[in-house]
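Step one of this worksheet: look at the structure below.
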Amino acid sequence: MIILGPPGSGKGTRAQLIGKIFGIPVITTGDMLRESVAKGTHRGKIAKGYMERGELVPDDIVIGVVEERLKRSDIEGGFILDGFPRNLRQAQALDRILNEKGEELDYVLNVTAKPSTIINRLSLRRSCPRCGAVYHLKDKPPKNDEICDECGTKLIQRSDDKEEVIRHRLQVYEAETRPLLEMYGNLGKVREISGELSIDDIPEAIKRALA
Ligand code: AP5
């Protein structure tokens, strides 16, 4: 399953819930790239500037990261791609990878949200730099002030969650990623889910969308 939607629509939050419901791994390209940046790997050094500017990291790097990840055996019972593909070239690469495995895409879950919701979500988002847990200071706050509930690490604000970078990420989404919805829609794969629902209502909405 692919989960698509603009930055901050709540893709990551939904992907984690779906992963728990179905017991399948979530593959988040943004998290994998941030990990490469933090470790200072060759890929991370190239990706860093693109991510800070809110631009797409070059296709060859991202496709390489996904292809490597999809070689692991834990994906055999199914998996969720959060943040990939993000343009036509990546979608073609995914088709090729799945064909080589004799697999087929089941669903594309499209998360929709208003621009005002997105700005609010991203400006109040805090993430754990150690375990990757994601919070919202108002709607999903940590128990202790800006400290991760899972591992006790001080939470941070992502460097691409500044208002001008958020606006650029939204433009990139419209130009590069939104056209994929038409392509997958023509294949009858797309299911819609509102990004405006409260977090407690998401599991039921997911079950309905995929029923
Ligand atoms: P990535 O990390 O994928 O960022 P994104 O797509 O911009 O999406 P976000 O992670 O910002 O938001 P989300 O929709 O997952 O929302 P979340 O659930 O966190 O990519 C970052 C960068 O990496 C890109 O700009 C690019 O440079 C690079 N990159 C990644 N993949 C790439 C690719 N394939 N090709 C090239 N480059 C790539 O929710 C947001 C907040 O809202 C959270 O605080 C959450 O707690 C809160 N929230 C969520 N749902 C609700 C709700 N229902 N009610 C209340 N609060 C909610």
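Start at 1 and go down the list; that is how both ligands and their atoms are numbered.
- Put simply, no part of G5 is less than 4.0 Å from ligand 1, judged by heavy atoms.
- Residue, atom and distance of the protein heavy atom nearest to atom 8 (O) of ligand 1 are K11 NZ, 3.2 Å.
- Salt-bridge formation is detected for the pair R169/D161: a Lys NZ or Arg NE/NH1/NH2 atom is positioned less than 4.0 Å from an Asp or Glu carboxylate oxygen.
- At least one heavy atom of R158 lies less than 4.0 angstrom from ligand 1.
- Put simply, OG1 on T13 and CG on D82 are 9.0 Å apart, with the number rounded to the nearest 0.5 Å.
- Between R53 and E55, at least one side-chain N (NZ, or NE/NH1/NH2) sits under 4.0 Å from a carboxylate O, which counts as a salt bridge.
- The ligand atoms of ligand 1 that sit less than 4.0 angstrom from a heavy atom of L197 are 52 (C), 53 (N), 54 (N).
- When only non-hydrogen protein atoms are considered, atom 35 (N) of ligand 1 lies nearest to Q90 NE2, 2.9 Å.
- The environment of K114 atom NZ is sparse: at most 12 non-hydrogen atoms of other residues, nucleotides or ligands sit within 6.0 angstrom.
- Residue contact check: P6 has heavy atoms under 4.0 Å from atoms 14 (O) of ligand 1.
- Interatomic distance, CD1 of I46 versus NZ of K48, reported as 13.5 Å (0.5 Å rounding).
- Looking at R43 and E35, no side-chain N of the basic residue comes within less than 4.0 Å of a carboxylate O on the acidic one, giving no salt bridge.
- Comparing R121, E52, R86, E55 by heavy-atom distance to atom 30 (C) of ligand 1, the nearest is R86.
- Annotation: atom 45 (C) of ligand 1 to nearest protein heavy atom, T13 OG1, 3.8 Å.
- Proximity of P85 to ligand 1, defined as any heavy-atom pair under 4.0 Å, is not found for any part of the residue.
- Each of the following atoms of ligand 1 lies closer than 4.0 Å to a heavy atom of D160: 21 (C).
- Counting only heavy atoms of the protein, atom 29 (N) of ligand 1 lies nearest to L33 CD1, 3.5 Å.
- Hydrophobic cluster membership is shared by I193 and I24, with clusters built from Ile, Leu, Val, Met, Phe, Trp and Tyr side chains linked at under 4.5 angstrom.
- Heavy-atom distances between I202 and ligand 1 reach below 4.0 Å in at least one pair.
- Heavy atoms of E196 found under 4.0 angstrom from ligand 1: none, in either backbone or side chain.
- Between R126 and ligand 1, no N or O atom pair is found at a separation short of 3.5 Å.
- The shortest contact between atom 22 (C) of ligand 1 and any protein heavy atom is with M51 CE, 3.9 Å.
- Contact annotation for D139 and ligand 1: only side-chain heavy atoms (C-beta onward) come within less than 4.0 Å of the ligand.
- Hydrophobic clustering of Ile, Leu, Val, Met, Phe, Trp and Tyr side chains at less than 4.5 Å, counting indirect connections, keeps I2 apart from I206.
- In this structure, CZ on R34 lies 8.5 Å from OG1 on T29, to the nearest 0.5 angstrom.
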